[in-house]
Amino acid sequence: MRKLIRIITLFIITISSTTSFGQNKEATLDKTTEAKAFTVETVGQGEPVLYLPGFATPGSVWKETVENLKLERKSYLFSYAGFNGNQPIEMPWYSNIKNAIINYVKDNNMSNITIVGHSMGGNLAVDIAAELPSNVSKIIIVEALPCMREVMMPNVPAENFYYESPYNKQMLEMDAQQFKNMANIMAANMTLKEDKKVIIANWIAEADRKTWVYGYTDLLKLDLRNVLDKVKCKTLIIGASFPDVKIAKENYEKQYANLPNKTIVMATNSKHFLMLDEPEWFYKTATDFLVNEK
């Protein structure tokens with residue numbers, strides 16, 4: 001994650017200084033009551049497992065995980081507004097997505113919920129578990145920090161990030177090829193798998209531009225460290241090894257210090273999309289936490 005953050009930071013500086021995968025089980029796709037906030041694909045039956053992808057990533061990124069975990073529960077694969085062909089919604093993007101998912105949980109009377117969230121999906125898992133502590137039993141946070149801004153730009157206040165900033169204006173005005181080039185740079189530092197780099201770059205390039213720009217601003221402003229003590233469920237935090245596993249683990253331990261019931265484990269050979277880079281290890285680690293650990 002640290003390397004990825006550096007790459008994004010360098011890209012921001014550069015722009016500012018220049019031009020100023022098969023599913024055999026039966027599945028259903030539901031338009032939610034919060035029609036524009038997200039879509040949900042459901043697989044199987046039983047108690048709910050919410051699979052929350054990262055920023056610009058479709059819910060389908062979790063399909064191989066669903067197949068391999070074999071939890072015998074009902075899986076909910078979320079895809080967010082503005083991504084994966086979904087229509088964009090009004091800003092603030094992150095809080096609207098969060099509130100819509102919380103309402104979806106309430107409307108469907110979900111209990112004993114497990115949440116698996118990657119990157120921004122991990123942030124949403126924390127927010128949901130903090131808001132609905134009696135509904136959530138376990139969460140797995142994959143490659144997500146409560147406040148990425150603190151690692152990316154230490155001591156820079158959230159107030160420094162706003163929608164109509166000069167940087168955001170430049171991002172919105174980039175032509176399709178410039179944005180695609182940026183997507184390729186970012187994707188190259190998110191996974192070790194060459195074929196997955198192409199897929200991730202396409203997810204970014206095909207995103208609604210305003211959602212990508214303003215939604216990323218929301219994430220830079222986000223700081224969930226003050227709600228961690230409200231999360232009562234067991235939590236597994238999984239971090240990538242690239243580029244320095246020791247520094248990465250120290251960041252997790254520092255930022256999640258106020259999370260009471262947690263376990264932190266680190267992958268051995270992966271970048272940001274560690275469930276793609278080390279799938280068998282990820283499946284075993286998740287299964288041990290969700291099934292074997294009581």
Side-chain angles (χ1 to χ4, degrees), residues 1-9 50 52-55 94-95 97-98 101-102 113-161 190 216-268 270-275 278 281-282 285-286 288-290 292-294:
M1 176 175 284
R2 191 179 181 90
K3 177 67 173 178
L4 173 61
I5 288 169
R6 285 177 176 173
I7 289 293
I8 297 172
T9 304
L50 311 186
L52 305 176
F55 190 66
Y94 176 86
S95 61
I97 297 293
K98 176 194 72 174
I101 296 175
I102 289 172
I113 301 167
T114 296
I115 307 177
V116 182
H118 175 247
S119 196
M120 187 201 80
N123 298 139
L124 287 168
V126 168
D127 259 328
I128 296 165
E131 181 80 14
L132 304 172
S134 63
N135 300 71
V136 181
S137 58
K138 286 186 177 183
I139 60 176
I140 297 180
I141 298 169
V142 184
E143 269 287 282
L145 290 171
C147 183
M148 71 175 186
R149 180 185 71 254
E150 187 59 31
V151 176
M152 188 172 182
M153 302 173 189
N155 302 316
V156 176
E159 294 74 21
N160 283 29
F161 301 93
M190 290 183 176
Y216 195 76
T217 298
D218 287 348
L219 297 186
L220 288 172
K221 293 169 70 69
L222 190 66
D223 189 348
L224 298 179
R225 289 174 292 183
N226 63 339
V227 304
L228 292 175
D229 60 352
K230 298 179 182 178
V231 178
K232 306 305 180 184
C233 63
K234 287 186 176 182
T235 303
L236 175 64
I237 300 165
I238 307 178
S241 62
F242 184 84
D244 188 307
V245 68
K246 181 175 182 294
I247 293 175
K249 188 173 184 181
E250 287 172 355
N251 283 331
Y252 283 111
E253 291 172 343
K254 179 181 178 181
Q255 289 219 351
Y256 283 104
N258 292 331
L259 184 63
N261 196 359
K262 65 181 179 292
T263 301
I264 300 174
V265 297
M266 305 300 293
T268 58
S270 68
K271 292 187 177 182
H272 187 54
F273 280 80
L274 62 84
M275 64 282 206
E278 294 188 70
W281 175 85
F282 175 73
T285 302
D288 287 343
F289 175 72
L290 296 176
N292 300 333
E293 179 183 317
K294 302 301 182 182

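Each residue takes its place number in the sequence, starting with 1. In what follows, every heavy atom counts, from backbone to side chain, and hydrogens, waters and symmetry copies are set aside.
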- Determine, step by step, whether I128 and L52 satisfy the side chain to side chain contact (heavy atoms under 4.5 Å, CB included) criterion, reporting the C-alpha distance in whole Å, the side-chain angles of both residues, the deciding distance to 0.1 Å, and the verdict. CA-CA 11 Å; I128 296 165; L52 305 176; 4.0 Å; yes
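- Taking all atoms of both residues into account, the shortest heavy-atom contact from P260 to D229 is CD-CA, 4.3 Å.
- Using modelled atom types, no side-chain atom of S119 and backbone atom of A144 make a donor-acceptor pair closer than 3.5 Å.
- Between the side chain of K234 and the backbone N or O of K138, no donor-acceptor pair lies under 3.5 Å.
- Scanning all heavy atoms of the two residues, the minimum distance from F55 to Y216 falls at CZ-N, 3.4 Å.
- Every residue two or more places apart in sequence or in another chain that forms a side-chain contact (heavy atoms from CB on, under 4.5 Å) with K232 is listed here: P133.
- Evaluation of the side-chain contact (heavy atoms from CB on, under 4.5 Å) rule for E278 yields A267, T268, N269, S270, W281 as partners, not counting sequence neighbours.
- Residues S137 and T114 are in side-chain contact: their nearest non-hydrogen atoms beyond the backbone lie under 4.5 Å apart.
- Side chains of L132 and I113 form no contact here, defined as non-hydrogen atoms less than 4.5 Å apart.
- Pairs engaging residues 145-160 under the salt bridge (charged side-chain N to carboxylate O under 4.0 Å, His left out) rule: none recorded [sequence neighbours left out].
- Checked against salt bridge (charged side-chain N to carboxylate O under 4.0 Å, His left out), E253 has no partners two or more places apart in sequence or in another chain.
- Among the candidates L290, D288, T285, I139, the single residue satisfying the side-chain contact (heavy atoms from CB on, under 4.5 Å) test with L236 is T285.
- Residues F289 and I140 are in side-chain contact: their nearest non-hydrogen atoms beyond the backbone lie under 4.5 Å apart.
- Between the side chain of E143 and the backbone N or O of F273, no donor-acceptor pair lies under 3.5 Å.
- Considering CG of L224 and NZ of K230, their distance stands at 11.0 Å, rounded to 0.5 Å.
- A distance-only check finds no donor-acceptor pair linking the side chain of H118 to the backbone of L274 [under 3.5 Å].
- In this structure, CG in L228 is found 9.0 Å from OG1 in T235, a value given to the nearest 0.5 Å.
- A distance of 12.0 Å separates CG of L219 from CG of L145, quoted to the nearest 0.5 Å.
- Counting all heavy atoms, side chain and backbone alike, D223 lies closest to C147 at OD1-CB, 3.5 Å.
- In the displayed structure, K249 atom NZ is contacted under 6.0 Å by at most 12 heavy atoms of other residues, nucleotides or ligands.
- The heavy-atom pair separating N123 from P146 by the smallest distance is ND2-CA, 4.1 Å.
- Residue pairs meeting the ring pair (Phe, Tyr, Trp, His ring centres under 6.0 Å) criterion with at least one member in residues 128-158: none, sequence neighbours excluded.
- Not counting sequence neighbours, D218 has no partner by the salt bridge (charged side-chain N to carboxylate O under 4.0 Å, His left out) test.
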- Task: Apply side chain to side chain contact (heavy atoms under 4.5 Å, CB included) to L259 and I237, showing your working.
- Result: CA-CA 11 Å; L259 184 63; I237 300 165; 4.0 Å; yes
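- Taking both residues in full, the closest heavy atoms of D244 and K246 are given as OD1-N, 3.0 Å, listed atom of the first, atom of the second, then distance.
- Counting only heavy atoms from C-beta outward, the side chains of Y252 and M266 approach each other to under 4.5 Å.
- In this structure, CD1 in I102 is found 10.0 Å from CG in N135, a value given to the nearest 0.5 Å.
- With a 4.5 Å cut-off on side-chain heavy atoms, M153 and N160 do not count as touching.
- One N or O on the side chain of K262 and one on the backbone of Y256 form a donor-acceptor pair closer than 3.5 Å.
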